[in-house]
Amino acid sequence: MFLAEEEQGALPPKGDFSAWYNELLWRAEIMDVRYPVKGLYVWYPFGFAMRRNVYDLLRALLDRDHQEALFPLLIPENEFAKEAEHIKGFEEEVYWVTHGGLTPLEVKLALRPTSECAIYPMYALWVRSHADLPLKIYQIVNTFRYETKHTRPLIRLREITSFKEAHTVHTTWEDAERQVEAAIALYREFYDRLCVPVIISRRPEWDKFPGADYTIAVDTVMPDGRTLQIGTVHHLGDHFSKTFQITYEDAGGEQKYTHQTCYGISERCIAALISMHGDDRGLILPPDPAPVQVVIIPITIGKRKEEVSAAAEGIGKELAASGFRVKIDTRDIRPGAKYYYWEMRGVPLRLEIGPRDLDARQVTAVTRLGEKSQIPRETLVDGVRDRLSSFSAALRERAEAHVRTHIGVSHTLDEVAAAVEHGVTLVSWCGNRECADLLEEKTRAAVLGTDVRSAYLVDAGGPCVACGKQGTTALVGRSY
RNA sequence: GGGGUAGUAGGGUAGCCUGGUCCAUCCUAGAGCGUUUGGGACGCUUUGACGGCAGUUCGAAUCUGCCCUACCCCA
């Protein structure tokens with residue numbers, strides 16, 4: 001039985017997450033990993049359509065009060081070298097362009113690992129007056145990092161293809177801090193639309209963005225219990241402002257340094273999306289990001305083929321006119337084969353229409369979670385809308401249950417070591433690096449952050465898990 | 001960062017140790033013909049591969065070296 005399934009091409013079980021993930025990527029036509037350069041992967045059209053939907057969503061959220069722009073990929077060495085702490089954080093990972101054709105360049109050009117050094121010299125020109133502030137700009141671009149660790153499609157790449165980075169400029173530190181909170185709220189909303197639960201925390205000093213005052217991170221818990229950082233928000237203070245001379249004239253006519261933030265999300269959001277919801281049969285996508293929201297399978301047999309096809313066309317048109325992304329699968333293969341095909345690709349809702357449905361003036365609806373029902377033909381659009389929204393709710397609930405059951409509280413290092421085998425854990429931590437290092441050594445897990453914000457949070461309480469001194473709650477886990 | 005294993009058709013394997021000139025097989029995909037059709041249909045015909053570069057040799061998938069890529073384990 002098991003062998004038969006394998007011959008028919010079942011995925012590895014999701015319990016074997018690494019194998020499941022790798023195979024799903026090409027079976028669901030998301031990424032082709034066979035490009036012959038380490039850490040670079042190809043988006044298939046289906047994966048790209050999903051990417052577009054996800055980033056359209058993100059764009060729509062940002063466009064409420066940000067402007068989209070586009071800065072160059074290449075950064076001259078002298079600009080790149082300006083902020084000492086920043087370059088130190090990235091120097092091991094930068095790709096350099098050293099030649100134009102056969103001619104060595106007088107000034108080497110960096111492929112952006114992130115765009116601060118491309119954007120801020122321009123901000124210095126753009127920002128004149130307090131009336132120009134706040135300035136909130138974002139771009140969606142590729143960035144390059146020469147990763148030395150194991151690369152993994154969508155998760156650790158040498159070319160991040162889909163980096164949304166926002167860079168804001170403010171008059172005061174406090175105003176920038178408010179922007180940090182606004183960005184966190186925006187990211188929460190974004191991930192809610194993807195039905196991906198998140199845990200927000202403040203990264204330890206040594207793990208913050210190079211050149212930032214502090215870094216707030218957005219993490220999620222993957223199926224194997226490891227965490228994935230799927231967003232960061234940085235308060236940059238006036239570090240970059242001083243480096244790049246971004247000043248403004250205040251109402252009193254005085255020149256002052258600006259305060260800045262930046263925050264980013266990469267295609268890791270898609271890794272989280274597919275990993276969180278997928279199952280042994282393939283992808284499961286919430287309606288918002290799904291390239292195909294409703295697939296219609298005409299059950300065409302014998303003499304009524306024309307009639308069924310026409311009915312399928314009719315419901316397809318009606319749903320498309322109501323704004324759904326619909327696909328009618330008219331391929332000349334058996335219906336069962338189509339079911340498997342679209343299940344692999346995560347389509348939220350399947351509508352079947354055959355002679356029996358015609359006679360009963362209905363369509364048969366099956367969600368990707370396997371809930372089967374009939375929708376009267378007359379109330380089709382409402383029926384589809386209902387099923388999609390309850391499908392979203394069910395997905396969100398499922399995902400939250402996963403996170404809730406993979407987060408615990410530990411009071412000793414032994415408990416931590418056991419907990420991080422299958423999830424994340426909250427501990428009490430004194431805040432000293434020595435204790436974090438000891439914890440990492442004993443448990444092979446890291447202190448991810450403090451000031452943990454999560455619906456699943458309980459106060460860890462008690463003395464520091466490593467040294468016994470007074471501590472506060474911190475998030476600990478193994479991360480990708 | 002350290003170590004290990006491996007690369008043969010779109011995917012998975014055999015052959016390699018012991019070199020021999022049409023590289024075999026399974027799945028899938030494509031082309032063709034026929035029978036099929038409410039959960040992965042079937043028969044027959046056919047297309048398609050030794051990761052790259054160099055070396056050894058009369059002769060290399062096989063031996064040697066380097067490179068590239070992938071996966072696993074440890075830090």
Side-chain angles (χ1 to χ4, degrees), chain A residues 1-12 16-42 44 46 92-93 146-159 224 226 279-282 295-309 311-312 328-345 347 349-360 362-374 417 420-421 437-446 478-480:
Chain A
M1 189 66 182
F2 180 71
L3 228 165
E5 276 185 17
E6 213 164 47
E7 281 170 1
Q8 289 172 353
L11 281 173
D16 185 359
F17 178 64
S18 203
W20 176 87
Y21 182 79
N22 286 330
E23 186 135 340
L24 177 69
L25 285 177
W26 72 267
R27 291 280 294 278
E29 294 184 296
I30 301 162
M31 308 292 297
D32 194 329
V33 301
R34 293 171 299 179
Y35 192 77
V37 180
K38 180 181 168 67
L40 274 54
Y41 310 96
V42 177
Y44 279 111
F46 184 85
E92 297 285 316
E93 300 186 350
Y146 186 76
E147 293 285 354
T148 50
K149 286 186 188 171
H150 229 228
T151 52
R152 218 181 259 277
L154 299 177
I155 292 177
R156 178 164 284 113
L157 314 128
R158 286 189 167 176
E159 181 189 6
D224 60 357
R226 290 168 74 181
D279 67 7
D280 290 357
R281 288 189 167 190
V295 64
I296 300 167
I297 312 287
I299 310 297
T300 47
I301 314 169
K303 287 170 187 161
R304 301 184 70 179
K305 184 174 166 144
E306 297 296 321
E307 196 184 341
V308 169
S309 297
I328 305 175
D329 191 343
T330 56
R331 289 177 298 169
D332 189 21
I333 54 177
R334 299 167 91 100
K338 296 179 184 178
Y339 301 164
Y340 282 100
Y341 180 91
W342 293 108
E343 280 166 3
M344 181 63 75
R345 285 158 185 74
V347 176
L349 189 66
R350 177 177 80 231
L351 297 181
E352 304 168 15
I353 177 136
R356 296 207 292 262
D357 300 296
L358 284 181
D359 293 341
Q362 66 179 27
V363 297
T364 299
V366 185
T367 71
R368 181 58 180 79
L369 290 175
E371 267 187 73
K372 193 167 187 169
S373 59
Q374 320 298 333
V420 297
E421 287 294 327
D437 287 346
L438 180 69
L439 184 146
E440 184 154 0
E441 190 186 316
K442 298 271 190 193
T443 67
R444 288 174 47 226
R478 290 180 183 159
S479 42
Y480 273 96

Measure from the side chain of A:Arg444, starting at C-beta and using heavy atoms only, and say which of B:A75, B:G38, B:C72 lies closest. B:A75

Over all strands shown, is A:Glu343 touching base, sugar-phosphate only, or nothing at heavy-atom distances under 4.0 angstrom? base

With P as the reference atom in both, quote the distance from B:U8 to B:A61 in angstrom, rounded to an integer. 15 Å

Hey, is OH on A:Tyr44 packed in by over 12 heavy atoms from elsewhere, all under 6.0 Å? yes

Nearest non-hydrogen partners of A:Asp279 and A:Leu11, listed with the distance: O-CD1, 3.9 Å

At under 4.0 Å between heavy atoms, which parts of nucleotides 3-10 of chain B does protein reach? Answer with one letter per nucleotide, 5' to 3': B base, S sugar-phosphate only, - none. -------S

Interatomic distance at P, B:U56 relative to B:U64, whole Å: 16 Å

Taking all non-hydrogen atoms of both residues into account, name the closest pair between A:Asp359 and A:Arg304 and its distance. OD1-NH2, 3.0 Å

Looking only at heavy atoms, the pair that brings A:Pro298 and A:Asp329 closest together is CD-O, 3.2 Å

Integer angstrom distance from the P of B:C26 to that of B:C44: 11 Å

Between N or O atoms, less than 3.5 Å apart, protein on one side and nucleotides 65-69 of chain B on the other: list the pairs.
residue: B:U69; atom: OP1; partner: A:Lys38; partner atom: N; Å: 3.1

Whole angstrom is fine here: how far is it from CD1 in A:Ile155 over to P in B:C71? 11 Å

Can you name the closest pair of heavy atoms from A:Thr151 and A:Glu147 and give their distance? CG2-CB, 4.2 Å

Closest of B:C74, B:G38, B:C72 to the A:Ile299 side chain is B:G38

Measure the distance from CD on A:Glu93 to P on B:G1 and round it to the nearest whole Å. 10 Å

Integer angstrom distance from the C1' of B:G40 to that of B:U36: 15 Å

Is any side-chain N of the basic residue among A:Glu93 and A:Arg158 closer than 4.0 Å to the acidic one's carboxylate O? no

Using a 6.0 Å cut-off, check whether atom NZ of A:Lys38 has over 12 heavy atoms from anything other than its own residue. yes

Please give the nucleotide sitting opposite B:A9 as a Watson-Crick or G-U wobble pair, both distances under 3.5 Å, or none. none

For A:Tyr480 and A:Ile155, the nearest pair of non-hydrogen atoms, with its separation, is CB-CG2, 4.0 Å

Nucleotide by nucleotide, nucleotides 29-36 of chain B touches protein heavy atoms under 4.0 Å in the pattern (B base, S sugar-phosphate only, - none) --------

A:Arg350 near the nucleic acid: base, sugar-phosphate alone, or nothing, with a heavy-atom cut-off under 4.0 Å? base

Atom CD of A:Gln362 and atom C1' of B:G38: how far apart are they, to the nearest Å? 13 Å

How many angstroms lie between CG in A:Asn22 and CE in A:Met31, if you round to the nearest 0.5 Å? 12.0 Å

First encountered from the 5' end of RNA chain B, between A:Thr148 and A:Tyr341: A:Thr148

Separation of A:Tyr339 OH from A:Glu352 CD (nearest 0.5 Å): 3.0 Å

Between B:A75 atom P and A:Asp437 atom CG, what is the distance in whole Å? 16 Å

For the side chain of A:Thr151, counting heavy atoms from C-beta on, which of B:G38, B:G1, B:A70 is nearest? B:A70

With respect to the phosphate group of B:U37, does any side-chain polar atom (N or O) of A:Thr300 fall under 4.0 Å of OP1 or OP2? no

Taking all heavy atoms of A:Pro355 and all of A:Ile299, pick out the closest pair and write down the distance. CD-O, 3.5 Å

Taking CG from A:Asp329 and C1' from B:G39, how many angstroms apart are they, rounded to a whole number? 14 Å

Whole-Å distance, A:Ile333 CD1 to B:G39 C1', equals 12 Å

Using whole Å, report how far CG of A:Leu11 lies from P of B:G11. 17 Å

Write down the distance separating the C1' atoms in B:A60 and B:C50, rounded off to the nearest Å. 11 Å

Whole-Å C1' distance, B:G1 and B:U57: 41 Å

Under 3.5 Å for both donor-acceptor distances, Watson-Crick or wobble: does B:G40 have a partner, and if so which one? none

Quick one: pull up CZ in A:Arg226 and CG in A:Asp224 and give me the separation to the nearest 0.5 Å. 6.0 Å

Taking a pair to mean Watson-Crick or G-U wobble geometry with both distances below 3.5 Å, B:G1 pairs with B:C74

I'd like to know whether CD of A:Gln374 has more than 12 heavy-atom contacts from other residues, nucleotides or ligands below 6.0 angstrom. yes

Starting at atom CG of A:Asn22, determine the distance to atom P of B:G12, rounded to an integer number of angstrom. 11 Å

Ring centroids of A:Tyr340 and B:G40 base under 5.5 Å with planes under 30°: yes

I want to check a possible cation-pi pair here: A:Arg152 against A:Tyr21, using under 6.0 Å from ring centre and within 45° of the ring axis as the test. no

Paired with B:U57: which nucleotide, if any, by Watson-Crick or G-U wobble criteria at under 3.5 Å for both distances? none

Could you measure between the two C1' atoms, the one in B:G32 and the one in B:A54, and give it in whole Å? 44 Å

With P as the reference atom in both, quote the distance from B:C27 to B:G43 in angstrom, rounded to an integer. 9 Å

Pair partner, B:A49 [Watson-Crick or wobble, under 3.5 Å]: none

